[in-house]
There are 2 protein chains.
Amino acid sequence: MPTRDAFTVLADPTRRQILDLLRERDLMVSELVDLLRTAQPNVSKHLKVLGEAQLVNARVDGPRRHYTLTPEPLRELDKWLGPYRRAWADRLDALEAHLDEMTDAEGEH
Amino acid sequence: MPTRDAFTVLADPTRRQILDLLRERDLMVSELVDLLRTAQPNVSKHLKVLGEAQLVNARVDGPRRHYTLTPEPLRELDKWLGPYRRAWADRLDALEAHLDEMTDAEGEH
DNA sequence: GGAGAATATTCCTGTCAAGGAATTTGATGC
DNA sequence: GCATCAAATTCCTTGACAGGAATATTCTCC
């Protein structure tokens, strides 16, 4: 099974919700089940996918497992986003320039 | 059909490639077909999805359409990423602190 | 208005992934 | 060792979606 890339993993809303929850604090599976109101096997399955993508890590504690967020892979996403940040900044600049131009023109006649 | 969110739209590698290409300059469909080496109908379909997600915009020019990147929706993604940036910065800080601690301990004996 | 170009749409098929139900594995305490 | 709790795995069904092939639309030019 080809391990899925970060984009694919994040496409699922339940998984994003899990990550959001783990940002606050570590949680064990049963806690996630309560918070997400979804069946335990599904939570486990999503955690497995997240684990394969290195986005979470499990600390074993007897029969329980405490899951921790390991956000490093998200830096890749951040990196991908970089050039686009520039792109939308440029668009904002262009918009501003355009507005300035209109204001100038208005002042002129 | 419920229009897909940014995460879902970006999960497809071909669509990301289209966005990457449009970052350089506007392109018409036939140019994208050449660059992507994929069939024209598929390109059109992906462009449609990207358009619904407001990630691209078409300028009509006779029978051609020039597609432009409109990166604004990506700001949402950037926003989602925000708290995680903090999270991984914290983790780096913790790591550094830990290394400092080890160095200190080493110096002490 | 007909031909031909550029692009969009439709139909079809295969694949993959999510969720439900049931079961299994693993660890603990008695 | 057995009952029990926590979590993982398996099996199944269903829906979504990407890609291919064929066709339809829309515009331009003569």
Side-chain angles (χ1 to χ4, degrees), chain A residues 1-22 25-70 73 77, chain B residues 1-22 25-70 73 77:
Chain A
M1 63 205 70
T3 183
R4 293 173 251 191
D5 65 47
F7 288 96
T8 307
V9 171
L10 293 178
D12 185 274
T14 304
R15 283 195 287 263
R16 289 200 301 275
Q17 219 179 331
I18 291 177
L19 293 180
D20 287 345
L21 289 168
L22 290 180
R25 62 183 182 87
D26 292 4
L27 292 169
M28 47 190 217
V29 180
S30 62
E31 292 177 305
L32 281 168
V33 170
D34 291 347
L35 291 165
L36 296 172
R37 268 94 168 284
T38 181
Q40 175 267 318
N42 290 328
V43 175
S44 285
K45 280 184 268 188
H46 283 305
L47 286 169
K48 184 177 187 179
V49 174
L50 289 168
E52 285 166 353
Q54 316 262 42
L55 280 162
V56 302
N57 211 300
R59 174 168 49 85
V60 175
D61 163 29
R64 302 145 217 262
R65 301 185 182 198
H66 298 261
Y67 280 87
T68 312
L69 178 68
T70 55
L77 179 53
Chain B
M1 60 203 72
T3 185
R4 295 173 247 190
D5 66 46
F7 288 96
T8 307
V9 170
L10 293 178
D12 185 274
T14 303
R15 283 195 286 264
R16 290 201 300 276
Q17 219 180 331
I18 290 176
L19 293 180
D20 287 346
L21 289 169
L22 289 180
R25 62 184 181 87
D26 293 4
L27 292 170
M28 47 190 216
V29 180
S30 62
E31 292 177 306
L32 282 168
V33 170
D34 291 348
L35 291 166
L36 298 172
R37 267 95 170 283
T38 179
Q40 174 268 317
N42 291 328
V43 175
S44 285
K45 280 184 270 190
H46 282 305
L47 286 169
K48 184 177 186 179
V49 174
L50 289 168
E52 285 165 354
Q54 315 263 40
L55 280 162
V56 301
N57 210 300
R59 175 169 49 84
V60 175
D61 163 29
R64 303 144 214 258
R65 300 187 182 196
H66 298 261
Y67 280 87
T68 311
L69 177 70
T70 56
L77 178 54

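Quick caveat: nothing in here was measured; it's all calculated off a predicted structure. Within every chain, numbering begins at 1; the chains are lettered A, B, ... in the order of the sequence lines, protein sequences first and strands thereafter.
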Intermediate values then yes/no, side-chain contact (heavy atoms from CB on, under 4.5 Å), A:Leu19 and A:Val56 | CA-CA 8 Å; A:Leu19 293 180; A:Val56 302; 4.0 Å; yes

Take the protein atom [atom1] of [X] and the nucleotide atom [atom2] of [N], then report the distance between them rounded to whole Å.
X	N	atom1	atom2	result
A:Glu31	D:dC5	CD	C1'	15 Å
A:Asp26	D:dA7	CG	P	13 Å
A:Leu27	D:dA6	CG	C1'	15 Å
B:Leu50	C:dA8	CG	P	12 Å
B:Leu10	D:dC17	CG	P	14 Å
B:Glu52	C:dT9	CD	C1'	13 Å
B:His46	D:dC17	NE2	P	12 Å

I would like to know whether A:Ser44 and A:Lys48 meet side-chain contact (heavy atoms from CB on, under 4.5 Å); could you show each step before the answer?
-> CA-CA 6 Å; A:Ser44 285; A:Lys48 184 177 187 179; over 6 Å; no

Verdict with reasoning, A:Val43 to A:Thr14, per side-chain contact (heavy atoms from CB on, under 4.5 Å) = CA-CA 9 Å; A:Val43 175; A:Thr14 304; over 6 Å; no

In sequence, state the C-alpha distance, the side-chain angles, and the governing distance for A:Glu31 and A:Arg25, and then conclude on side-chain contact (heavy atoms from CB on, under 4.5 Å).
-> CA-CA 11 Å; A:Glu31 292 177 305; A:Arg25 62 183 182 87; 3.5 Å; yes

So, A:Arg16 and B:Asp5, do they make that salt bridge, N to O below 4.0 Å?
->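 A salt bridge is present here (some side-chain N lies under 4.0 Å from a carboxylate O).
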
Quick one, which residues of residues 14-22 of chain A touch DNA chain C with a heavy atom under 4.0 Å?
-> A:Thr14, A:Arg15

Check DNA chain C against residues 32-43 of chain A and give the residues with a non-hydrogen atom under 4.0 Å, in numerical order.
->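 The answer is A:Pro41, A:Asn42.
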
[X] side chain: which of [options] is closest?
X	options	value
A:Lys45	C:dT7, D:dT10, D:dT28	D:dT10
A:Lys48	D:dT9, D:dA7, C:dT7	D:dT9
B:Asp12	C:dT9, C:dA18, D:dA18	D:dA18
A:Arg4	C:dG26, C:dA17, D:dC27	C:dA17

Going by the side-chain contact (heavy atoms from CB on, under 4.5 Å) test, name the single residue among A:Leu35, A:Leu69, A:Leu47, A:Leu55 that passes it with A:Ile18.
->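 That would be A:Leu47; it is the only one of A:Leu35, A:Leu69, A:Leu47, A:Leu55 passing the side-chain contact (heavy atoms from CB on, under 4.5 Å) with A:Ile18.
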
Does B:Tyr67 make a side-chain N or O approach to OP1 or OP2 of C:dA6 shorter than 4.0 Å?
-> no

Check every strand shown and say whether B:Ser44 touches a base, only sugar-phosphate, or nothing at a heavy-atom separation below 4.0 Å.
->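 Contact class for B:Ser44: base.
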
Is a side-chain donor-acceptor pair under 3.5 Å present for A:Asn57 with A:Thr68?
-> no

Residue pair A:Asn42 / A:Leu36, side-chain heavy-atom distance below 4.5 Å |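 Not in contact.
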
Starting from the C-alpha separation in whole Å, work towards a yes-or-no answer on side chain to side chain donor-acceptor pair (under 3.5 Å) for A:Asp61 and A:His66.
-> CA-CA 7 Å; A:Asp61 163 29; A:His66 298 261; 3.0 Å; yes

Closer to the 5' end of DNA chain C via nearest nucleotide, is it A:Val60 or B:Arg65?
->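 Its nearest nucleotide being more 5', the pick is B:Arg65.
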
